[in-house]
Amino acid sequence: VQLVESGGGSVQPGGSLRLSCTVSGFTDNTYCVAWFRQAPGEGRAGLVAMDSDGTISHHDSVKGRFTGSKDKDKAKTTLYLQMRNLKPEDTAMYYCAAASRRAMGWDRWIDDQYDYWGQGTQVTVS
């Protein structure tokens with residue numbers, strides 16, 4: 001299983017960025033994908049999550065500013081994270097994660113429920 005993230009960078013407050021996470025290598029389409037972020041000295045926080053049927057959920061903390069979208073085919077899934085009106089407190093390492101599950105409930109925001117992680121992409125807002 002591979003998770004490849006891209007799209008991070010530096011942006012001024014109020015700016016926008018779009019992150020991409022492409023997941024491949026699963027033997028079937030029964031997996032969930034999510035975006036997390038981790039600021040220095042803090043734990044990982046869930047932002048956007050997608051079930052295997054393509055349903056996307058947004059954590060309350062980012063509703064209205066962050067939007068998830070997807071491209072999905074038999075071989076791979078790409079989960080995008082569109083971030084708008086970025087603030088300095090959005091500065092963090094952003095990680096993509098995947099879980100070998102058909103769907104997730106309240107635990108979709110819990111990092112230890114995920115089996116695979118990408119290398120992370122840095123977002124700096126200043």
Side-chain angles (χ1 to χ4, degrees):
V1 174
Q2 285 190 315
L3 287 76
V4 179
E5 301 130 327
S6 62
S10 295
V11 65
Q12 293 183 341
S16 299
L17 281 175
R18 189 175 84 154
L19 308 183
S20 300
C21 169
T22 299
V23 181
S24 61
F26 280 93
T27 56
D28 59 26
N29 278 326
T30 309
Y31 58 92
C32 299
V33 185
W35 278 103
F36 283 76
R37 69 182 177 189
Q38 186 170 25
E42 298 183 8
R44 286 185 286 203
L47 305 172
V48 170
M50 183 179 70
D51 288 339
S52 61
D53 66 355
T55 301
I56 295 174
S57 302
H58 299 78
H59 193 273
D60 286 346
S61 64
V62 299
K63 284 182 179 177
R65 291 197 305 124
F66 292 7
T67 304
S69 61
K70 67 182 184 292
D71 281 327
K72 195 173 172 72
D73 62 32
K74 289 183 180 180
K76 65 184 185 299
T77 294
T78 300
L79 180 63
Y80 300 99
L81 180 63
Q82 177 69 52
M83 304 184 291
R84 297 181 176 87
N85 189 23
L86 284 161
K87 305 174 182 181
E89 51 264 43
D90 294 317
T91 295
M93 186 70 80
Y94 284 69
Y95 295 95
C96 182
S100 301
R101 292 171 57 178
R102 186 177 302 278
M104 301 176 80
W106 61 269
D107 58 345
R108 62 172 55 94
W109 310 122
I110 309 300
D111 58 353
D112 65 9
Q113 297 299 301
Y114 289 83
D115 308 299
Y116 306 95
W117 290 85
Q119 78 284 358
T121 185
Q122 178 69 37
V123 171
T124 302
V125 185
S126 64

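Among residues at least two apart or in separate chains, there is no disulfide (SG to SG under 2.5 Å) pair with a member in residues 97-126. A ring pair (Phe, Tyr, Trp, His ring centres under 6.0 Å) check over residues 61-98, counting only residues at least two apart or in different chains, returns nothing. Listed by first and then second residue, the disulfide (SG to SG under 2.5 Å) pairs involving residues 42-72 amount to none (not counting sequence neighbours). Note on residues 22-65: pairs passing ring pair (Phe, Tyr, Trp, His ring centres under 6.0 Å), not counting sequence neighbours, are F26-Y31, F26-Y116, F36-Y114, F36-W117, H59-W109. Judged as a salt bridge (Lys or Arg N to Asp or Glu O under 4.0 Å), not a single pair has a partner in residues 14-26 (not counting sequence neighbours). Residue pairs meeting the salt bridge (Lys or Arg N to Asp or Glu O under 4.0 Å) criterion with at least one member in residues 115-126: none, sequence neighbours excluded. Judged as a salt bridge (Lys or Arg N to Asp or Glu O under 4.0 Å), the pairs with a partner in residues 25-40 (not counting sequence neighbours) are, in order, R37-D90. Identified under the disulfide (SG to SG under 2.5 Å) test for residues 21-62, with sequence neighbours left out: C21-C96. For the salt bridge (Lys or Arg N to Asp or Glu O under 4.0 Å) condition, the pairs that include at least one residue of residues 92-110, sequence neighbours left out, are D51-R108, R101-D107.
The hydrophobic clustering, which links ILVMFWY residues whose side-chain heavy atoms are closer than 4.5 Å, places M104 and V48 apart. Taking hydrophobic clusters as Ile, Leu, Val, Met, Phe, Trp and Tyr residues chained together by side-chain heavy-atom distances below 4.5 Å, M93 does not share a cluster with V11. Using a 4.5 Å cut-off between side-chain heavy atoms of Ile, Leu, Val, Met, Phe, Trp and Tyr, with links allowed through other members, M83 and I56 fall into the same hydrophobic cluster.
Residues that satisfy the side-chain contact (heavy atoms from CB on, under 4.5 Å) test with P40, not counting sequence neighbours, are absent from this structure. D71 pairs by the salt bridge (charged side-chain N to carboxylate O under 4.0 Å, His left out) definition with nothing, not counting sequence neighbours. With sequence neighbours left out, the side-chain hydrogen bond (donor to acceptor under 3.5 Å, both in side chains) criterion links D73 to K76.
One finds the CD atom of Q82 at 9.5 Å from the OG atom of S20 (value rounded to the nearest 0.5 Å). Once rounded to the nearest 0.5 Å, the distance linking CD of Q38 with CG of D111 reads 8.0 Å. Atom CG of N85 and atom OG of S16 lie 8.0 Å apart (nearest 0.5 Å).
Contact annotation: the side chain of P88 approaches that of P13 to within less than 4.5 Å [non-hydrogen atoms, C-beta and beyond].
Partner of L79 under the side-chain contact (heavy atoms from CB on, under 4.5 Å) criterion, out of L19, V33, V23: V33 alone.
Counting heavy-atom neighbours within 6.0 Å of Q122 CD, excluding the residue itself, gives a total above 12.
Between the side chains of T124 and T91, no donor N or O sits under 3.5 Å from an acceptor N or O.
Of the possible donor and acceptor atoms, one in the side chain of E5 sits under 3.5 Å from a partner among the backbone N and O of Q119.
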